[in-house]
Amino acid sequence: MSKAKILSGKDTALSVYNELNKRIVLLADKGIRPGLCVILIGDDPASQIYVRTKTKKLKSLGLLSEAIFLSRDVSEKKIIKIINDLNNDTQYHGILVQLPLPDHINSQNIINAINPEKDVDGFHPENAGWLAIGKPRFIPCTPKGIMRILDDYDIDLSGKNIVVIGRSNIVGRPISILTSLNVKGANGTCTICHSRTKNLEHYTMNADVVITAIGIPNYLTGDMIKDEAVIIDVGINRVDADNDKGYQIIGDADWSSVIDKVSAITPVPGGVGPMTIAMLVENTIEAAENFG
Ligand code: NAP
């Protein structure tokens, strides 16, 4: 039987919500109810599920949580007008535009329109800049959640070799920064790999911790990692399955070939995903505390 520790993001998220509940009460004492507005453009089924999950979670904690649904052919100008209205609406402390956006819309223009003090996704260049200089304001939810899981399970990155596979602004890039910051729990030596990396195994074989965020099912196999490595699996991949739904969600790591080799691993589902939501709630509360 495998001796791997299963790093349950579900469990860590529960302890996060316990802490957050106390902060919600303190804010309520001051007459502040944290509020988040999510904008969804188009009808992508996965995005609809993500938005519903996020808004439901905030509501269940008693926070104000609204979603604005816009048709796929909406203009960039109209979205920016809606964002401007939300920037000036004091009941919303956080604004989130669900990505990806349709091709005719320039995502960067949309992100730039959000007031950085309401940018609970942490994607605005101002917030990305604060993170890059080691003074984070809003940290993107998925990387923030990864750091919290590692902390919760006492996995200290100091002096460790970290390999991040994927360089997106949402996951790969910010987690590469966070793991290498000069702060408690971090101080790792981080290498960031991507689709142009030659001989990826050369890097993963030397990694104490592999963080994979590429979106290819079963990509990271047991022969690519060293014994006792830690795997943080960010991938969410829908594959055909012989069950009622006809599909199942799996990660980027090939569970059957890595599980007997790793010392710890996040499962998919139940690993990084629940922490992404928990960190969105935390960032919304932080926005209300700091700028409410
Ligand atoms: P993305 O923007 O598509 O980025 C994927 C990254 O993987 C890119 O940097 C790409 O390299 C790299 N890549 C692709 N194929 C590769 C290969 N064969 N070898 C090495 N690198 C390769 O995706 P993302 O938004 O970061 O998301 C990544 C995955 O995480 C997806 O499955 C997504 O659904 C999941 N995700 C999960 C959560 C969660 O809460 N659990 C949150 C966000 C995302 P290039 O830059 O060279 O193209």
- Query: Within the side chain of N109, is there an N or O that forms a donor-acceptor pair under 3.5 Å with the backbone of I105?
  - Reply: no
- Message: Pair D227, V262 - check side-chain contact (heavy atoms from CB on, under 4.5 Å), show working.
- Response: CA-CA 6 Å; D227 283 335; V262 292; over 6 Å; no
- Message: Please determine whether residues I39 and L96 belong to a single hydrophobic cluster, defined as Ile, Leu, Val, Met, Phe, Trp and Tyr linked transitively by side-chain heavy-atom distances below 4.5 Å.
- Response: yes
- Query: Between Y50 and I236, does a side-chain contact (heavy atoms from CB on, under 4.5 Å) hold up when you go through it step by step?
  - Reply: CA-CA 12 Å; Y50 294 144; I236 298 179; 3.8 Å; yes
- Closest non-hydrogen contact found for S263 with E228 is OG-O, 2.9 Å
- Message: If we ignore hydrogens and angles and just use 3.5 Å, is the side chain of D233 paired with the main-chain N or O of A253 as donor and acceptor?
- Response: yes
- Message: Quick check on the hydrophobic clustering: are V38 and L61 connected, directly or via other members, by side-chain heavy-atom contacts under 4.5 Å?
- Response: yes
- Message: Filter on side-chain hydrogen bond (donor to acceptor under 3.5 Å, both in side chains), then keep only pairs touching residues 276-287, sequence neighbours left out; what's left?
- Response: T142-T276, K144-E282, K144-N283, K144-E286, R148-E282
- Query: Should we say atom NZ of K59 is surrounded by more than 12 heavy atoms from elsewhere, each under 6.0 Å from it?
  - Reply: yes
- Query: Looking at CZ of R167 and SG of C193, how far apart are the two atoms once the value is rounded to the nearest 0.5 Å?
  - Reply: 10.5 Å
- Distance, nearest 0.5 Å, that separates CD1 of I32 from CD1 of I285: 12.0 Å
- Message: Does N182, at its CG atom, have more than 12 non-hydrogen atoms belonging to other residues, nucleotides or ligands within less than 6.0 Å?
- Response: no
- Task: Could you pull out the closest heavy-atom pair between V120 and I95, with the gap in Å?
- Result: CG2-O, 3.9 Å
- Query: Does R137 offer a backbone N or O that forms a donor-acceptor pair with the side chain of N127 under 3.5 Å?
  - Reply: no
- Do the non-hydrogen side-chain atoms of I110 and I80 ever get within less than 4.5 Å of each other? yes
- Message: Is it the case that the side chains of D44 and Q48 hold a donor-acceptor pair, with the cut-off being a distance below 3.5 Å and no angle test?
- Response: no
- Test item: K160 and T189 side chains (from C-beta on) under 4.5 Å apart, heavy atoms: no
- Can you find a heavy atom in the side chain of L64 that is under 4.5 Å from one in the side chain of P34? no
- For N18 and A13, indicate whether the former's side chain and the latter's backbone hold a donor-acceptor pair under 3.5 Å. no
- Message: Please say yes or no: joined through hydrophobic side-chain contacts below 4.5 Å, possibly via intermediate residues, are L7 and I211 part of one cluster?
- Response: yes
- Look only at the side chain of K118 and the backbone of F291, and say whether a donor-acceptor pair between them is shorter than 3.5 Å. no
- What's the spacing between C37 SG and I83 CD1 if we round to 0.5 Å? 10.0 Å
- Validation row: I231, I225 side chains within 4.5 angstrom (heavy atoms): yes
- Item | Chi angles and distances behind the side-chain contact (heavy atoms from CB on, under 4.5 Å) call for M275, M279 | CA-CA 6 Å; M275 283 305 292; M279 294 300 102; 3.7 Å; yes
- Which atoms form the tightest heavy-atom contact between N206 and K226, and what is the distance? O-NZ, 4.2 Å
- Consider only side-chain heavy atoms of I, L, V, M, F, W and Y, link residues closer than 4.5 Å, and tell whether L157 and I177 are in one cluster. yes
- Message: Could you check whether D260 pairs with K3 (Lys NZ or Arg NE/NH1/NH2 to Asp/Glu carboxylate O, under 4.0 Å)?
- Response: no
- Nearest heavy-atom contact between G235 and D252 is CA-OD1, 3.5 Å
- Task: Kindly indicate whether the side chain of V209, heavy atoms from C-beta on, has any atom under 4.5 Å from the side chain of V163.
- Result: no
- Any side-chain heavy atom of R238 sitting closer than 4.5 Å to one from I250? no
- Item | Validation row: I232, L150 side chains within 4.5 angstrom (heavy atoms) | yes
- Message: Could you check whether any side-chain N or O of H93 sits under 3.5 Å from a backbone N or O of G35, counting only pairs where one atom can act as donor and the other as acceptor?
- Response: yes
- Query: Has the side chain of T197 got a donor or acceptor atom that lies under 3.5 Å from a matching backbone atom of L200?
  - Reply: no
- Query: Does D242 CG have over 12 foreign heavy atoms under 6.0 Å away?
  - Reply: no
- Message: Do V272 and V171 have side chains that approach each other closer than 4.5 Å (heavy atoms only, starting at C-beta)?
- Response: no
- Do the side chain of R33 and the main chain of G62 share a donor and acceptor less than 3.5 angstrom apart? yes
- Query: Rounded to the nearest 0.5 Å, what separation is found between the CD1 atom of I79 and the CG atom of N84?
  - Reply: 12.0 Å
- Check each of V97, L99, N169 against F123 using the side-chain contact (heavy atoms from CB on, under 4.5 Å) test, and report the only one that passes. L99
- Message: Before you tell me yes or no, could you show the steps for S158 and D156 under side chain to side chain donor-acceptor pair (under 3.5 Å), namely the whole-Å CA-CA distance, both residues' side-chain angles and the distance that decides it to 0.1 Å?
- Response: CA-CA 6 Å; S158 183; D156 193 329; 4.6 Å; no
- Query: Between A278 and V16, what is the shortest heavy-atom contact and its length?
  - Reply: CB-CG1, 4.1 Å
- Between CD on residue Q98 and CZ on residue F69, distance to nearest 0.5 Å: 10.0 Å
- Task: Is it possible for you to say whether V268 and V234 belong to one hydrophobic cluster, with membership spreading through side-chain heavy-atom contacts below 4.5 Å?
- Result: no
- Message: Can you tell me if N243 has over 12 outside heavy atoms packed within less than 6.0 Å of its CG?
- Response: yes
- Value rounded to 0.5 Å, distance of CD1 in I114 from CG in L86: 9.0 Å
- Between N112 and H124, which heavy-atom pair has the shortest distance, and what is it? O-NE2, 3.3 Å
- Message: Using a 3.5 Å distance criterion without hydrogens, assess whether the side chain of K10 forms a donor-acceptor pair with backbone atoms of P274.
- Response: no
- Query: Can you check whether I265's main-chain N or O pairs, donor with acceptor, with K5's side chain at less than 3.5 Å?
  - Reply: no
- Message: Please determine whether side-chain contact (heavy atoms from CB on, under 4.5 Å) holds for the pair E66 and T55, giving the CA-CA distance in whole Å, both sets of side-chain angles, and the decisive distance to 0.1 Å.
- Response: CA-CA 7 Å; E66 297 294 340; T55 48; over 6 Å; no
